[in-house]
Novice: 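Structure in structure tokens, see below.
Model, not experiment: these values are computed from the prediction.
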Amino acid sequence: MSSRPRDDDPTLGELSEGEILRAILARTARASHTLVGPGDDAAVIAAPSGSVVATTDTLVHGPDFRLAWSSGYDLGWKAAAVNLADVAAMGARPTALLVALAVPRDLRLSFIERLADGFREACAALAPGCAVVGGDLTVSDVLTVAVTALGDLEGRPPVTRSGARVGDVVAVAGELGHAAHGLSVLFGRFREGEAPVPVDASLLAPGESAALAAQLRPSPPIGLGPFAATAGATAMMDISDGLALDARRMAAASEVTIALDSAALGDSPQRALAGGEDHALLACFPPGIVPAGFRVIGTVVPRGEHELLVDGAPADVSGWDPYRDWDSASG
């Protein structure tokens, strides 16, 4: 054990792997489906339905986040939220997260502790009973957070993006375009040249704080995924790359055309269509059974020349591309 007092904040390069892991594990909660938790070679998670939903996502400093804009807590929360949303989009209830960290030696221990806090509190708020149950730790010049999320279908079949049927209504749960608005604020106002600078809250106009929160600390409607599946959703997916692009993906998988009504997309239909990282849930339902929490934004029509129509016309919106819409600068 280190004799280093707890009131300092060493760099990770000054600590052993065991010390770092103990600091992280001291801040995690126990997942309700855990049979064997952290400390062994692998965790053991119960799968009462007999099947496991699994997904993974990686956040890399530069193309996915900036330390000038995101605290350790923000990063932990977002890394949890984006993975939980993918599990929910299959109609499953999230049960566990596995987190692999590649960390620079000069990063402070307090940052990693707050990262763990963000994971714990995101799970508690968005998917109660889910928690970090294990992972990996290594050294890298580039801070990288790779998360694998597991979920349980609770006896339901998975809701895929290929089940939309002609005559279904198209609905969404969650906000559209707010995360893109937040990103535009960051890139437009909080950089000096190409270098990001910390956000000055005093410079934010009304509504911009909420937009930044949607980008840096998203709160997808995780519980509505299983709810939609129980209600009879025929198709569902997480909107991570913009409504226009993801609706096209659903239409292509289902061999239909999705027709959206711009009046149902809020005050900024263009931003709602093109903006990425919303992590809202896009779902199709038979008419008359749209559950609470979802709002109707369109219909499913027979497959035509175009996969997506907006107000009856082909949608001239490409959607979100992280390789195009983020640059690779550090900071």
Side-chain angles (χ1 to χ4, degrees), residues 24 27-34 37-38 42-43 45 47 51-61 63-65 70 72-102 112 114-137 143-154 158-161 173-175 179 213-226 228-229 236-241 246 249 276-282 320 322 326:
I24 293 172
R27 310 176 93 85
T28 61
R30 182 175 177 84
S32 59
H33 284 63
T34 301
I45 309 299
S51 59
V52 176
V53 172
T55 184
T56 190
D57 195 70
T58 302
L59 298 179
V60 179
H61 185 227
D64 296 310
F65 66 91
S70 293
Y73 186 91
D74 291 337
L75 182 57
W77 181 292
K78 183 171 183 175
V82 301
N83 281 275
L84 296 172
D86 282 332
V87 173
M90 299 299 292
R93 192 170 305 281
T95 56
L97 300 179
L98 299 166
V99 180
L101 300 176
I112 294 299
R114 291 297 287 155
L115 181 83
D117 290 343
F119 271 105
R120 184 188 67 249
E121 294 185 20
C123 287
L126 303 176
C130 181
V132 175
V133 299
D136 189 34
L137 178 66
L143 176 59
T144 302
V145 182
V147 181
T148 297
L150 307 177
D152 182 49
L153 288 164
E154 303 175 314
V159 185
T160 67
R161 43 177 89 173
E175 301 297 333
Q215 168 59 227
L216 301 176
R217 199 182 298 181
S219 293
I222 306 301
L224 290 180
M236 188 159 53
M237 65 184 296
D238 164 45
I239 304 175
S240 56
D241 295 328
D246 286 329
R249 288 169 172 161
E277 300 196 310
D278 292 310
H279 302 292
L281 296 177
L282 178 67
W320 163 261
W326 280 81

Novice: Considering all heavy atoms of both residues, which atom of Val52 and which atom of Ala47 are nearest to each other, and what is their separation?
Specialist: CG2-CB, 3.7 Å

Novice: For the pair Asp74 and Arg114, find out whether any cationic side-chain nitrogen is under 4.0 Å from an anionic carboxylate oxygen.
Specialist: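 No, this pair does not count.
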
Novice: Could you check if a side-chain atom of Leu281 sits within less than 4.5 angstrom of a side-chain atom of Pro220, using non-hydrogen atoms only?
Specialist: no

Novice: Do any N or O atoms from the side chain of Thr148 and from the backbone of Thr56 form a donor-acceptor pair under 3.5 angstrom?
Specialist: no

Novice: Given His279, which of Ile239, Asp86, Leu84, Val82 fulfils the side-chain contact (heavy atoms from CB on, under 4.5 Å) condition?
Specialist: Val82

Novice: With the side chain counted from C-beta on, respond yes when Phe119 and Leu75 share a heavy-atom pair under 4.5 Å apart, and no when they do not.
Specialist: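 Not in contact.
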
Novice: Please confirm whether the backbone N or O of Gln215 pairs with a side-chain atom of Lys78, one donor and one acceptor, at under 3.5 Å?
Specialist: yes

Novice: Could you check whether any side-chain N or O of Asp152 sits under 3.5 Å from a backbone N or O of Val53, counting only pairs where one atom can act as donor and the other as acceptor?
Specialist: no

Novice: Within a strict 4.5 Å, meaning less than it, do heavy atoms of the Leu126 and Trp77 side chains meet?
Specialist: yes

Novice: Of all heavy-atom pairs between Asn83 and Ala149, which one has the smallest distance, and what is that distance?
Specialist: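 That would be CB-CB, 3.8 Å.
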
Novice: Please tell me if the side chains of Leu150 and Pro94 come closer than 4.5 Å, counting only heavy atoms from C-beta onward.
Specialist: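 Of all side-chain heavy-atom pairs linking Pro94 with Leu150, none is under 4.5 Å.
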
Novice: Can you see which heavy atom on Gly225 is nearest to which on Met236, and at what distance?
Specialist: O-CE, 3.5 Å

Novice: I want to check something: taking the side chain as every heavy atom from C-beta on, are Tyr73 and Leu115 in contact at a cut-off of under 4.5 Å?
Specialist: no

Novice: Return the minimal non-hydrogen interatomic distance between Met90 and Thr160, and the atom names on each side.
Specialist: CE-CG2, 4.4 Å

Novice: Can you confirm whether Leu101 sits close enough to Ile24 that some side-chain heavy atom of one is under 4.5 Å from a side-chain heavy atom of the other?
Specialist: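 A side-chain contact under 4.5 Å exists here.
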
Novice: Can a donor-acceptor pair be found, under 3.5 Å and without considering hydrogens, that links the side chain of Thr58 to the backbone of Ala146?
Specialist: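 It does not hold such a pair.
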
Novice: Can you tell if the side chain of Thr55 reaches within under 4.5 Å of the side chain of Val87, non-hydrogen atoms only?
Specialist: yes

